[in-house]
Amino acid sequence: MSDTPVSGSNFIRTMIAQDIENGKHGGRVGTRFPPEPNGYLHVGHTKSICLNFGIAEQFGGTCNLRFDDTNPEKESIEYINAIKRDVEWLGFQWNEEHYASDYFGQLYDYALELIDKGLAYVDSQSADDIRVNRGTLTEPGKPSPNRERSVEENRSLFEAMKAGKFADGEVVLRAKIDMGSPQMCMRDPVLYRVRHVHHHRTGDQWCIYPMYDFTHCISDAIEGITHSLCTLEFEDNRVLYDWILANISIPHKSEQTEFARLQLEYAMTSKRKLKTLVDEQIVAGWDDPRMPTVAGMRRKGYPPAAIRDFCERIGVTKKNAWISMGQLEFSVREALNDSAARRMAVLKPLKVKLTNLGKAIEIEQSNHPKDPEMGKRTLQLSDEIYIEQDDFALEPPPKFKRLIEGGEVRLRGAYVIRCDKVVTDNGVPVELECSVDLDTLGKNPEGRKVKGVIHWVDAKTGVAAEIREYGLLFNEANPAKVELEQAINPASLVIYQGFVEPAAAMATPETQFQFERTGYYVADQHDHQPEKPVFNLTVGLRDSFGI
RNA sequence: AGGGCUGUAGCCAAGUGGUUAAGGCACCGGAUUUUGAUUCCGGCAUGCGUAGGUUCGAGUCCUACCAGCCCUGCCA
């Protein structure tokens, strides 16, 4: 693995390459993506998904999908299904599908083993007392009065917990480690709590549920995970992860390595807050195109390849970094520039009469300027068309090279036209009369240069379309810093009633196009129909003029 | 008696004691263009949080300081 591509090099890949070279874990690599099914996947998760699946792929290993479903109060089957759909859509196939809840039996047995070794005890303190006695960051904790219970007593108490003899919160199982540890997670962490709730997979079989710290490391070890990759906030927990695996009789010892989570400007990567946006109907659902969820990005038209490319480009480090939205948009544009067929659409129509065209004509137009394999389609040009309001100006700004009164402009793929007359209503242009230079189809006019090229839609064959322009959902680069209501951009959705050419209208949902000179758009996953087209803005074209 | 981490350009990021500190995004020039897009060419750190030290040689090693993030859920 010495010829690892430089572009994808990061400290984790370097470490794994070394581990393989040293024959660690028998030279095998096993990773896992371990979401909790309590919400939809968001951009932040895509970094972890690409890392875990990418590493397995790169090193000839495997990557499991494992649902960390130890807190039934917040989890549901809806989220499980959504997560699976999103991972597959991103282009990854997991090796094995697991649920932490599948391990509840083994987890219980390992808890018993810790009890038998005198390394765990049942604590009958209240939650408040446990908190107070844990101490603070600068003061050590105080031992629980139940800390020295006998093995036998702990065993029967824990069995009673499992048997439902205790009410929620009445007792917990705690590891017996060190109440004076400077690391808070080592001050006798809770391993099991009592919750008389229905679990989406295990039903009413259990009324005790294991905590993350106890569950995660053991689940990793059971699955033979070699490299357990997680985000920085678990750095402190690593010492506990190692402690648990060292003190139970499990043969495999997984190793945890932490990396910085993705922080994307103008996005929100808190599942709890995203859920609030959905619950309070600030957005139309988890897959609202403004949501930084995988489902939202999909509906907005971001190709999975673009998201993977983005994750590759931003790198993996231990530094808390903020990535600009422009970085993601670059990857989206780059993917779509190659893959999206070109079409024409007018968002803010201005009617233009072509006074000397005569009979409608048909024009062949290639679907992509650089890729002939994408073929051509036929456009009709008749004596009435729509152009973009912004492509005509009564009083043009400097360097304006579109249409002005008495000026000329090229209709994309068609003729050069001259604006002869402007019909205005209260000073705003409502219709143009233009004459066509019939000697300019496929060639430049004689004796003069026409710089501007504008897009158009034929009024006779064009299809009225709803075009949704989704902007930033938040007006704060770090929306988590302020109250949710304050962070919301009230103008995050602008809807245009425009026209698209027939070859755009007839597309199936989720088809991506570049509407020339405007941006990349996608036929809406849910609402698009050929007779009632609905397109969502994916991302605008780079614009160095910026009107 | 606090502990765990992180600082390389506007934003990411490579760099593992040895030419002149990779690359990408953004930005700025210029060429091509029937998309003000794309593409192409060029520019963009005398300096690596700061200050000392070790060394023939330091972004890399040492010391001290500064700044930021995380940890006191029966959440993950």
Side-chain angles (χ1 to χ4, degrees), chain A residues 6-7 9-11 14 34-36 38 68 70-71 73-74 123 125-127 130-132 134-141 168-174 180-187 189-195 208-209 211-213 215-216 230-239 258 260 265 271-272 312-324 326-331 333-334 337-338 342 344 365 368-370 399-402 409-416 440-444 450-455 514-519 540-547:
Chain A
V6 176
S7 65
S9 161
N10 62 52
F11 80 101
T14 304
E36 182 190 8
N38 66 344
D68 224 333
T70 57
N71 187 4
E73 284 160 301
K74 291 182 178 169
D123 196 352
Q125 289 184 107
S126 69
I130 288 178
R131 179 171 45 76
V132 168
R134 185 153 31 226
T136 69
L137 296 179
T138 51
E139 300 160 61
D168 288 5
E170 203 177 339
V171 289
V172 290
L173 182 74
R174 289 231 256 172
S181 173
Q183 278 149 312
M184 299 302 291
C185 73
M186 296 299 270
R187 321 243 265 225
V190 172
L191 266 20
Y192 266 91
R193 75 280 215 185
V194 178
R195 284 288 176 278
I208 55 172
Y209 291 97
M211 302 290 290
Y212 165 86
D213 284 309
T215 309
H216 203 84
C230 66
T231 44
L232 249 31
E233 67 269 27
F234 294 103
E235 277 178 319
D236 290 322
N237 300 239
R238 188 175 63 236
V239 60
E258 311 84 14
E265 287 183 352
K271 275 196 275 187
R272 188 179 58 79
E312 196 64 45
R313 283 170 186 273
I314 57 173
V316 180
T317 67
K318 289 172 88 79
K319 175 168 103 183
N320 279 312
W322 280 93
I323 311 292
S324 73
Q327 188 81 45
L328 212 203
E329 291 181 340
F330 170 83
S331 291
R333 285 193 192 98
E334 190 177 62
N337 181 44
D338 291 338
R342 309 289 124 121
M344 288 196 283
Q365 178 68 0
H368 196 285
K370 298 225 168 110
K399 295 193 178 166
F400 190 76
K401 58 182 207 189
R402 282 108 98 147
V409 79
R410 158 86 58 187
L411 292 179
R412 174 73 166 151
Y415 298 100
V416 169
T440 53
L441 193 60
K443 63 178 182 181
N444 286 323
V450 175
K451 278 185 298 183
V453 180
I454 63 171
H455 59 275
Q514 183 196 102
F515 289 164
E516 290 196 83
R517 298 210 315 129
T518 305
L541 252 29
R542 259 187 88 229
D543 181 7
S544 51
F545 183 66
I547 189 165

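A, B, ... follow the sequence lines: proteins, then strands. Residue 1 opens every chain.
B:U38 atom C1' lies 14 Å from atom CG of A:Asp543, rounded to whole Å. In this structure, A:Asn444 atom CG and B:U34 atom P are separated by 6 Å, rounded to whole Å. Separating the CD atom of A:Glu265 from the P atom of B:C12 is a distance of 8 Å, rounded to the nearest angstrom. Separating the CZ atom of A:Phe11 from the C1' atom of B:G7 is a distance of 15 Å, rounded to the nearest angstrom. Counting to the nearest Å, the P atom of B:G36 and the CD1 atom of A:Ile454 are 10 Å from each other. Atom NZ of A:Lys401 is separated from atom P of B:U34 by 11 Å (rounded to the nearest Å). A:Phe515 has its CZ atom 14 Å from the C1' atom of B:U35, to the nearest Å. Distance A:Phe234 CZ to B:G4 C1': 14 Å, rounded to the nearest Å.
The residue A:Met344 sits apart from the nucleic acid: no heavy atom pair falls under 4.0 Å. At a threshold of 4.0 angstrom between heavy atoms, the contacts of A:Ser126 include nucleobase atoms, whether or not backbone atoms are also involved. Residue-level contact check: A:Pro34 touches neither bases nor backbone, having no heavy atom under 4.0 Å from any strand. At the heavy-atom level, A:Arg187 lies nowhere under 4.0 Å from the strands shown. Here A:Glu329 lies out of heavy-atom contact (under 4.0 Å) with every strand. Counting any heavy atom pair closer than 4.0 Å across all strands shown, A:Gly519 reaches no nucleic acid atom. The residue A:Glu36 sits close only to the backbone: its heavy atoms come under 4.0 Å of sugar-phosphate atoms, none of a base. Heavy atoms of A:Gly442 sit under 4.0 angstrom from at least one base atom. When heavy atoms are screened at a 4.0 angstrom cut-off, A:Ser181 is found touching no nucleic acid atom at all. In this structure, A:Ile314 reaches the sugar-phosphate backbone alone: every heavy-atom distance under 4.0 Å involves primed, P, OP1 or OP2 atoms, never a base. Note on A:Arg412: a base of the nucleic acid sits closer than 4.0 angstrom, heavy atoms only. Within the nucleic acid shown, A:Asp213 has no heavy atom closer than 4.0 Å to any nucleic acid atom. Counting any heavy atom pair closer than 4.0 Å across all strands shown, A:Tyr192 reaches no nucleic acid atom. Nucleic acid contact class of A:Ala127 (heavy atoms, under 4.0 Å, all strands): base.
With rounding to the nearest 0.5 Å, the separation of SG in A:Cys185 from CZ in A:Arg134 is 10.5 Å. For the atom pair A:Ile323 CD1 and A:Glu265 CD, the distance stands at 9.0 Å (nearest 0.5 Å). Between the CD1 atom of A:Ile208 and the CG atom of A:Asp168 there is a distance of 12.0 Å, given to the nearest 0.5 Å. Going from atom CG of A:Asp338 over to atom NE2 of A:His368 covers 6.0 Å, rounded to the nearest 0.5 Å.
Rounded to whole Å, the P atom of B:A22 lies 15 Å from the corresponding atom of B:C48. Taking the P atom of each, B:A1 and B:U55 are spaced 35 Å apart, rounded to whole Å.
Using Watson-Crick or G-U wobble geometry with both donor-acceptor distances under 3.5 Å, B:A51 finds its partner in B:U63. Nucleotide B:A9 is matched to nothing when pairs are restricted to Watson-Crick or G-U wobble geometry with both distances under 3.5 angstrom. Pair assignment for B:C74: none, as no Watson-Crick or G-U wobble contacts are both less than 3.5 Å. With both pairing distances under 3.5 Å, B:A1 is matched to nothing as a Watson-Crick or G-U wobble pair. Under the Watson-Crick and G-U wobble criteria, each requiring two contacts below 3.5 Å, nucleotide B:A37 is left unpaired. Of all nucleotides present, only B:C28 satisfies the Watson-Crick or G-U wobble test against B:G42, with each distance under 3.5 Å.
Residue A:Lys319 places its side chain closer to B:A13 than to any other of B:C27, B:U72, B:A13. For A:Met211, counting side-chain heavy atoms from C-beta on, the closest listed nucleotide (B:G36, B:A26, B:A76) is B:A76. Side-chain proximity of A:Glu233 to B:A26, B:C70, B:G36: nearest is B:C70. With distances taken from any side-chain atom of A:Pro182 to the nucleotides B:G3, B:U72, B:C74, the minimum falls on B:G3. Closest contact between the side chain of A:Asp236 and the listed nucleotides B:A37, B:G4, B:G73 involves B:G4. Relative to the side chain of A:Asn237, the nucleotides B:A76, B:G2, B:A14 differ in distance, and B:A76 lies closest. Comparing B:C11, B:G2, B:A37 by their nearest atom to the side chain of A:Gln327 picks out B:C11. Between B:C71, B:U38, B:C74, one nucleotide has an atom nearer to the side chain of A:Lys370 than all others, and that is B:U38. Looking at the side chain of A:Arg410, the nearest of the listed nucleotides B:G24, B:U72, B:U34 is B:U34.
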Problem set entry | Worked verdict on A:Glu73 versus A:Tyr209 for side-chain contact (heavy atoms from CB on, under 4.5 Å) | CA-CA 11 Å; A:Glu73 284 160 301; A:Tyr209 291 97; over 6 Å; no

Exercise. Given the rule in the side-chain contact (heavy atoms from CB on, under 4.5 Å) test, do A:Asn71 and A:Arg193 qualify, once you have shown the distances and angles that lead to the verdict?
Worked result: CA-CA 10 Å; A:Asn71 187 4; A:Arg193 75 280 215 185; 3.7 Å; yes

For this session: Evaluate side-chain contact (heavy atoms from CB on, under 4.5 Å) for A:Glu170 paired with A:Val194, printing each intermediate quantity in order.
Result: CA-CA 7 Å; A:Glu170 203 177 339; A:Val194 178; over 6 Å; no

Problem set entry | Test side-chain contact (heavy atoms from CB on, under 4.5 Å) applied to A:Gln365 and A:Arg342, step by step | CA-CA 9 Å; A:Gln365 178 68 0; A:Arg342 309 289 124 121; over 6 Å; no

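Residue-to-nucleotide contacts include no donor-acceptor pair under 3.5 Å from the side chain of A:Glu139 to the base of B:U72. Taking 3.5 Å as the limit, the base of B:G36 and the side chain of A:Arg402 contain a donor-acceptor pair of atoms between them. One can find a donor-acceptor pair under 3.5 Å joining the base of B:U35 and the side-chain atoms of A:Arg342. Between the side chain of A:Arg517 and the base of B:U35, no donor-acceptor pair under 3.5 Å is found. Taking only distance into account, the side chain of A:Asn320 never meets the base of B:G68 through a donor-acceptor pair shorter than 3.5 Å.
Within 90° of 0 lies the glycosidic angle of B:G73, which makes this nucleotide syn.
When the options A:Val172, A:Val190, A:Leu173 are evaluated for a side-chain contact (heavy atoms from CB on, under 4.5 Å) with A:Asp123, the one that passes is A:Val172.
Here A:Tyr212 does not count as stacked on B:A76, because the ring centres are not under 5.5 angstrom apart with planes under 30°.
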